[in-house]
Amino acid sequence: MKIPLAKPYLDKEDAQNAYDTILTGWVTQGPRVQEFEEKFANYVGSKYAVALSNCTTALHLAMIVAGVTADDEVICPSMSYVATANSIRYVGAKVVFAEVNPTTYNIDVDDVRKKITSKTKAILIVHQIGMPADIDAFKDLCNEKNLVLIEDAACAAGSSYKGNKIGSHSDLVCFSFHPRKVITTGDGGMITTNNEAYRDRIKLLRQHAMSINDRIRHESDKVIFEDHVELGYNYRMTDIQAAVGIKQLEKLDKIVAERRKVAFKYHQALKDINCIQLPLEADGYFSNYQSYNVYLKPACKISRNDLMQALLDEGISTRRGVTTAHRETAYKNYQSNYSLPISEDTSDRSIVLPLFYPMTDNEINYVIDHFIRLVQ
Ligand SMILES: *Cc1c(COP(=O)(O)O)cnc(C)c1O
């Protein structure tokens, strides 16, 4: 048997909507992007949503509209995809890494508090592999210290916190639609917000800071000229991508429900193994299980890397757990004196098991049987 780590759920309906969009002749940011934005905002329960080329560009624009500049510091977890920290460097600000909680893999509020200085401008939290961070704790901290909260929700479309969808809790929530996430547009991103000024500035910046967008110009019966009012970017999503996103979004809750069924089967089968720690979903937290991460305690008879190889020898693809940005080469000469022992240990001892929809019981049991045989 050959079991991949992940595969996107894409169907004929997604393809048909892209096909139809291409034949309309309008392929870049236009009516489908607007429709996707309205539907996404409605889905998460935010006032507005602005579509972008990917989550990394979304994070970059979030930094800009939050007012983060080269004199500032922004606190984020090191244990995240490297794009999280990179987005802070794009605006020239200093990245300050905080530890994660070893059971949720999410950024630790007590460590963040210790790392706040007079230069801190924002806190960038991550809903790691789909598990919501404790948003209220960070909102309170940001209110107390007058900081901007930014959420990296790249993996968290369809997850919820205290009964509300991720995307509804604060004003700069950034999503990804890369194929490794729960729904995909090939590449794509979205920012949700209730703040009209943020929305307008993000819309401006994503399209070269052009005072009149090409759709308005196209539809106008008067000759009009645009101005470029500040340094802008091309971070647009295309209408072809949005057409796929509209249809993917309709299936999001179904995909999440099916992913959770697989996660619970893993949980049931593995919960009595003493040398591992399974993902913890506390009360009020609802994960889309973008990834199913297992932590191997020192008592396991096999190392993480040997386990990955042994599983691959059986045809089962896995990945190491979330990596740490501070140990990437791009951060070697960036700053020194990192002390992030929990992040390093959590990252080094974690393995991500295959999880996708549809995944058959046969496939799930094959992974479980080999995993149990090898770890204990
Ligand atoms: C995937 C991911 C990103 C980057 O998303 P793209 O859409 O590929 O730019 C950023 N942060 C986290 C936590 C991610 O998992």
Side-chain angles (χ1 to χ4, degrees), residues 5-8 33 36 40 49-64 74-91 95 97-98 100-101 104-107 122-133 135 138 149-159 161 166-167 170 172-192 202 206 233-238 241-242 244-245 248-249 259 279 287-293 319-326 328 330-331 343 346-347 350 352 355:
L5 177 80
K7 54 185 172 191
V33 166
F36 187 32
F40 198 84
V50 185
L52 296 152
S53 48
N54 55 66
C55 184
T56 307
T57 54
L59 289 165
H60 182 194
L61 296 191
M63 290 295 151
I64 295 174
V74 178
I75 304 172
C76 73
S78 172
M79 203 191 89
S80 182
Y81 187 58
V82 70
T84 304
N86 286 351
S87 69
I88 299 166
R89 290 175 67 181
Y90 294 157
V91 293
V95 182
F97 289 124
V100 293
N101 176 312
T104 64
Y105 310 117
N106 278 320
I107 184 168
I123 301 174
L124 173 54
I125 65 172
V126 183
H127 305 300
Q128 203 55 261
I129 56 176
M131 186 67 74
I135 300 170
F138 288 99
L149 179 66
I150 303 171
E151 295 179 50
D152 180 341
C155 298
S159 297
Y161 172 75
I166 297 296
S170 76
L172 289 167
V173 188
C174 304
F175 293 89
S176 172
F177 306 118
H178 181 273
R180 260 296 273 133
K181 318 301 185 189
V182 171
I183 55 170
T184 186
T185 58
D187 256 311
M190 190 77 82
I191 297 182
T192 57
I202 295 162
R206 75 173 168 185
Y233 303 87
N234 177 357
Y235 286 172
R236 285 182 301 242
M237 176 184 279
T238 70
Q241 291 167 297
V244 176
Q248 286 270 291
L249 183 62
R259 297 183 72 87
S287 176
N288 63 8
Y289 284 101
Q290 183 268 339
S291 291
Y292 192 87
N293 188 93
R319 292 290 180 275
R320 53 190 177 152
V322 182
T323 51
T324 55
H326 72 281
E328 294 293 321
Y331 283 78
S343 300
T346 306
S347 177
S350 290
V352 175
L355 201 168

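Read the numbers this way: they start at 1 and go in the same order the structure lists the ligands and their atoms. Since the structure is predicted, the reported quantities are computational estimates derived from the model, not experimental observations.
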Next item on the list: Just jot down the side chain to side chain contact (heavy atoms under 4.5 Å, CB included) partners of Ser347, sequence neighbours excluded, or say none.
Entry: Met79, Thr324, Arg327
When you check ligand 1 against the protein, what N or O pairs turn up below 3.5 Å? List the atom names and distances, or just say none.
from	atom 1	to	atom 2	distance (Å)
ligand 1	7 (O)	Cys55	N	2.9
ligand 1	7 (O)	Ser176	OG	2.7
ligand 1	9 (O)	Asn54	OD1	3.4
ligand 1	9 (O)	Cys55	N	3.4
ligand 1	9 (O)	Thr56	N	3.0
ligand 1	9 (O)	Thr56	OG1	2.5
ligand 1	11 (N)	Asp152	OD1	3.3
ligand 1	11 (N)	Asp152	OD2	2.8
ligand 1	15 (O)	Lys181	NZ	2.7

Checklist line | Residues in side chain to side chain contact (heavy atoms under 4.5 Å, CB included) contact with Ala122, at least two apart in sequence or another chain | finding: Val68, Val74, Val148, Ile150
Next item on the list: Would you please classify the geometry between the His60 ring and the Tyr233 ring as parallel, tilted or perpendicular, with 30° and 60° separating the classes?
Entry: perpendicular
Next item on the list: Applying side chain to side chain contact (heavy atoms under 4.5 Å, CB included), name anything that partners Arg206, two or more places apart in sequence or on another chain.
Entry: Gln29, Val33, Glu37, Val50, Ala51, Leu52, Leu61, Lys203, Tyr235
Next item on the list: Please determine, by modelled atom types, if Ser291 and Arg180 share a side-chain donor-acceptor pair under 3.5 angstrom.
Entry: yes
Next item on the list: Return the orientation label for the His326 and Phe97 ring planes: parallel under 30°, perpendicular over 60°, tilted otherwise.
Entry: tilted
